[in-house]
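Ligands are counted one by one from 1 in listed order, and the atoms in each one are counted from 1 as well.
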Amino acid sequence: MESALTARDRVGVQDFVLLENYNSEAAFIENLRRRFGENLIYTYIGSVLVSVNPYKELEIYSKQQMDRYRGVSFYEISPHIYAVSDNTYRAMRTERKDQCILISGESGAGKTEASKKILLYYAVTCPTNDHMAALGDRLLQSNPVLEAFGNAKTLRNDNSSRFGKYMDVQFDFRGAPVGGHILNYLLEKSRVVHQNHGERNFHIFYQLLDGGDDNLLNTLDLERNPQNYHYLVKGNCPRLSSVSDKNNWKVVMKALPIIGFTEEEVPTAIIRCSNMHKISQKGITQNRCVVVFQLLGVDGSALREALTHKKLTAKGEEMISPLNFEQAVSARDALAKAVYGRTFTWLVEKINQSLALKSSKGSSVIGLLDIYGFEVLQHNSFEQFCINYCNEKLQQLFIELTLRSEQEEYETEGIAWETVQYFDNKIICDLIEEKHKGIISILDEECLRPGETCDVSFLEKLEDTLGGHPHFVTHKLANGKTRRVMSREEFRLLHYAGEVNYNVNGFLDKNNDSLNRNLKEVMCQSENQILRHCFRREEVIDQKRSEMAATQFKNSLMKLMEILMSKEPSYVRCIKPNDAKQPGRFDEVLVRHQVKYLGLMENLRVRRAGFAYRRRFEAFLQRYKPLCPETWPNWHGRLADGVLTLVNHLGYKAEEYKLGRSKIFIRFPKTLFTTEDALEAKKPDIVFFLVSVFFFRFIKGFIYRHEEYCPENEYFLDHVRYSFLKNLRKNLPKSVLDKSWPTPPPSLVEASEHLRRLHMRNMVIKYCRRVQPEWKKQMMQKVEASEIFKDQKDSYPQSVGRLFLDSRLEREQINLKVVQTLGNDKVQYGVAVIKYDRRGFKPRPRQLLLTNTFAVLVDRTKIKQRIDYAALRGISVSSLSDGMFVLHMPSEDNKQKGDVVLQCTHVIELVTKLAMMANKVNYVNISPGSIRFAVARGKEGIIDFVRGSELKVAKGKRGHLLVVSQRQF
Ligand SMILES: Nc1ncnc2c1ncn2[C@@H]1O[C@H](COP(=O)(O)OP(=O)(O)OP(=O)(O)O)[C@@H](O)[C@H]1O
């Protein structure tokens with residue numbers, strides 16, 4: 001950040017705390033505008049990140065950018081969403097404390113994009129292994145699925161999230177993401193049956209019609225044209241130029257299996273959507289409703305009955321009364337909303353199962369809250385009331401936590417706390433949520449009260465109970481001026497962020513959010529598993545009324561506040577620069593609105609209540625030491641003394657700063673800017689000084705380069721070391737077989753060798769971890785083969801590159817029939833047994849059967865000889881390239897027919913395996929000229945080995961067996 005202090009006139013300040021006039025909204029907006037004009041969309045208020053939607057792709061999210069922000073202190077580099085991501089991650093790792101990032105802003109301000117960027121940052125930069133890579137994939141893939149089912153085109157945003165989302169990402173002790181969990185809030189279900197002009201239903205409906213293939217649509221009895229389904233065209237806007245439903249359908253279909261949906265669930269999920277079309281199609285009396293019944297898995301006549309009749313219980317007796325047309329339509333809509341809403345919750349549960357962490361031992365968490373910002377529309381209803389209540393709660397949390405962290409910092413630094421004046425919005429939260437007296441309680445009461453109730457009676461109740469509250473006004477209670485701008489059906493709340501009028505029309509219905517009991521009964525008998533999961537029997541049996549929508553929301557917010565309070569928060573405040581979704585346009589009126597509703601001026605005031613700027617002593621001294629002869633070029637005393645000397649020299653007045661235990665606190669930005677300007681003016685001198693010092697020291701160091709490390713060469717050697725390490729970092733070998741290594745300078749030979757070994761060991765460890773058991777066995781055998789045969793037997797080099805595989809033996813053995821695997825470790829090898837008798841030597845096809853503890857020679861299914869490994873005296877082979885080998889049998893055993901002489905094409909492989917099984921690796925004898933072996937009954941035979949042009953086994957001189965071995969090149 002310091003580097004940009006100098007460019008502040010052009011690009012504004014990177015941190016609003018450095019605004020001289022921090023109470024001025026105009027100065028605040030001018031700073032945002034100036035930065036936006038330079039494509040600098042991020043600015044801090046202390047540790048809060050303010051982000052302005054650029055509505056165009058900026059080149060600031062690449063992998064290189066991620067690397068720039070990794071491990072770098074928050075203030076050293078320009079503000080960025082990656083800086084917040086990284087800072088949060090490092091705080092979680094070093095302080096071992098759970099973190100959360102709260103992203104807020106109005107619709108279209110860029111909250112979802114910001115949360116995606118944070119997730120991507122973690123997926124790319126955190127350590128992973130294969131399992132974790134899969135998890136990272138699932139975290140990212142859950143997005144398009146949730147967006148398809150939970151997002152829609154609105155007037156303000158073509159891809160607007162119509163639900164609030166809190167996502168926990170869990171990390172293991174190494175800092176790798178290992179699990180996730182999503183909580184969803186207040187899905188805008190009413191969109192399923194109604195959309196305002198220019199808006200659409202949830203994306204998934206259009207994606208299905210546009211992207212689903214003909215077969216699928218036929219099976220679901222759907223037509224491709226959305227115009228045929230009146231739920232989809234209420235907003236008169238089924239197609240979007242900015243969005244390809246077809247492509248997005250493909251993306252969703254690809255993502256569903258990744259996040260753990262089985263083949264059967266995918267179509268079922270789709271069917272859920274088509275229900276809506278079907279129910280909507282041409283009312284509820286058509287024959288084609290049969291399809292709906294099939295899709296819902298319910299009995300057709302029961303559903304028809306439930307959609308057109310109402311079941312009432314009066315004085316313990318059940319009565320059925322028919323519904324009129326409007327009531328039936330409203331029952332149909334309620335069913336559509338309930339099916340969609342509950343299936344959405346099921347979908348989130350399903351995603352959670354796929355992201356679930358197997359064991360939470362040692363895990364830390366970063367939570368991401370992507371939730372609707374303060375909403376003020378032309379007509380504000382129940383939804384805006386809930387959303388704005390949520391923002392009041394978040395503001396309360398923000399003030400509490402920001403003040404707490406400020407106070408903690410002052411305490412740690414030993415600086416007296418100065419009381420901060422701020423607006424405490426508890427009074428508004430109480431107005432909404434207080435038991436019995438709050439708006440939500442009154443609304444619930446009005447919904448449950450016997451007798452005639454309606455939205456207007458609710459408004460009257462509010463007036464009776466809350467009249468006179470400083471933050472509550474209605475038409476009746478207002479003074480003349482306010483009365484003129486309020487309708488009789490509205491109440492006004494004076495929120496922390498401004499005034500909002502809410503129209504009470506629909507409040508009771510929306511809070512009731514009820515489905516006729518007989519519809520619930522039909523649904524919980526559905527044959528469809530997912531719907532049975534969504535509509536529980538207990539709901540019908542249990543006479544107790546479930547909580548009303550606003551109370552449910554209030555309770556879920558309470559839980560959310562608890563979750564957030566237990567974590568260390570960071571904030572991202574998103575701003576929308578214009579309503580036309582256009583790049584480069586900065587509409588000041590619109591931005592001012594949001595600055596107000598986001599409470600940014602209040603943020604700034606709290607942050608600036610004490611000191612505008614604080615820095616650790618070493619950072620401050622390092623930057624400004626050239627400005628004081630006593631601290632330049634180096635200060636050798638205590639850091640605090642150095643800073644004091646420096647600020648005294650600069651003439652800071654006592655009220656301008658305070659020294660804490662490790663930081664200097666500067667009260668006014670002006671003080672800092674004057675210091676910064678002085679540094680700027682001094683730069684030419686500093687550069688000249690540094691260049692001459694550098695040059696002098698470099699030359700001197702070069703002359704002394706062969707000496708021990710000493711003051712004369714320390715700079716030069718450090719430079720050489722740094723250059724070598726930098727070069728090494730770029731050229732490190734990437735695989736265990738890569739033996740390259742940059743040549744070190746003479747002073748680093750030893751260190752370089754240590755590093756090389758360490759690096760190799762690391763690569764080997766990683767390599768070994770990845771090795772599959774089969775491959776490991778293979779390598780162990782190869783290592784043994786090398787121990788026994790390397791430089792001892794001519795044919796060894798040829799065997800090195802060949803795998804020791806039974807199947808290969810089978811294929812390549814020419815004159816011998818092989819191989820039958822008899823279980824895990826029993827293998828038959830075909831061998832030629834060289835029989836020694838009076839008429840000479842004759843090869844005969846036999847088989848050698850290896851088991852765990854013994855080998856047997858089998859000749860035409862008869863066991864000819866059993867060779868116990870324990871008793872085996874040793875194995876002999878020649879040093880040439882023939883395939884002959886001798887198994888030496890115990891001499892004292894009279895039953896034995898002498899040693900066994902065998903020949904095999906793959907002698908190295910066979911002898912290695914045999915020696916390993918028999919645990920006789922050290923008993924393999926390699927003879928250069930001849931091998932003696934015992935023949936039955938005390939006689940001895942000799943095999944002579946010679947090199948020749950053709951492989952031959954023949955009778956030699958003096959009754960010896962002569963083996964002519966081919967030369968190997
Ligand atoms: N950092 C960014 N870079 C480029 N474009 C962006 C960025 N942030 C947002 N946008 C654009 O703005 C659009 C709206 O952003 P986004 O969907 O994140 O808003 P939101 O605040 O989540 O809105 P809602 O509350 O309606 O869901 C995006 O679809 C994208 O086109």
Full working for side chain to side chain contact (heavy atoms under 4.5 Å, CB included) between V348 and T345: CA-CA 5 Å; V348 174; T345 308; 5.7 Å; no
Suppose I only count heavy atoms of [X] and a 4.0 Å limit; which atoms of ligand 1 are within that range?
X: Y61; answer: 1 (N)
X: N159; answer: 17 (O)
X: Y55; answer: 12 (O)
X: S161; answer: 24 (P), 26 (O), 27 (O)
X: A109; answer: 19 (O), 21 (O)

Measure up the [X] and [Y] rings against each other and bin them: parallel (under 30°), tilted (30 to 60°), perpendicular (over 60°).
X: F586; Y: F36; result: tilted
X: H80; Y: Y69; result: tilted
X: Y122; Y: Y89; result: tilted
X: Y389; Y: F385; result: parallel
X: F344; Y: Y340; result: parallel

Side chain, backbone, both or neither: the part of K56 lying under 4.0 Å from ligand 1 by heavy atom: backbone
Structural part of K581 in contact with ligand 1, heavy atom criterion under 4.0 angstrom: neither
Nearest neighbour in protein (non-hydrogen) for [atom]:
atom: atom 18 (O) of ligand 1; result: E113 N, 2.9 Å
atom: atom 22 (O) of ligand 1; result: T112 OG1, 2.6 Å
atom: atom 6 (C) of ligand 1; result: N53 OD1, 3.3 Å
atom: atom 15 (O) of ligand 1; result: G110 CA, 3.6 Å
atom: atom 17 (O) of ligand 1; result: N157 ND2, 3.1 Å

Between [X] and ligand 1, is there a nitrogen or oxygen pair with a distance under 3.5 Å?
X: S160; value: yes
X: P54; value: no
X: K111; value: yes

Which pair of heavy atoms, one from [X] and one from [Y], lies closest together, and at what distance?
X: Q195; Y: N201; answer: NE2-ND2, 3.3 Å
X: S161; Y: N151; answer: CA-OD1, 3.2 Å
X: R70; Y: T125; answer: NH2-O, 3.3 Å

Distance-only donor-acceptor check, side chains N555 and E547, under 3.5 Å: yes
Close approach of G105 to ligand 1, heavy atoms, under 4.0 angstrom: no
Within-shell test, E106 vs ligand 1, heavy atom, strictly < 4.0 Å: yes
Protein contact for atom 20 (P) of ligand 1 (heavy atom, distance under 4.0 Å): yes
Electrostatic pair R191-E199, nearest N-O below 4.0 angstrom: yes
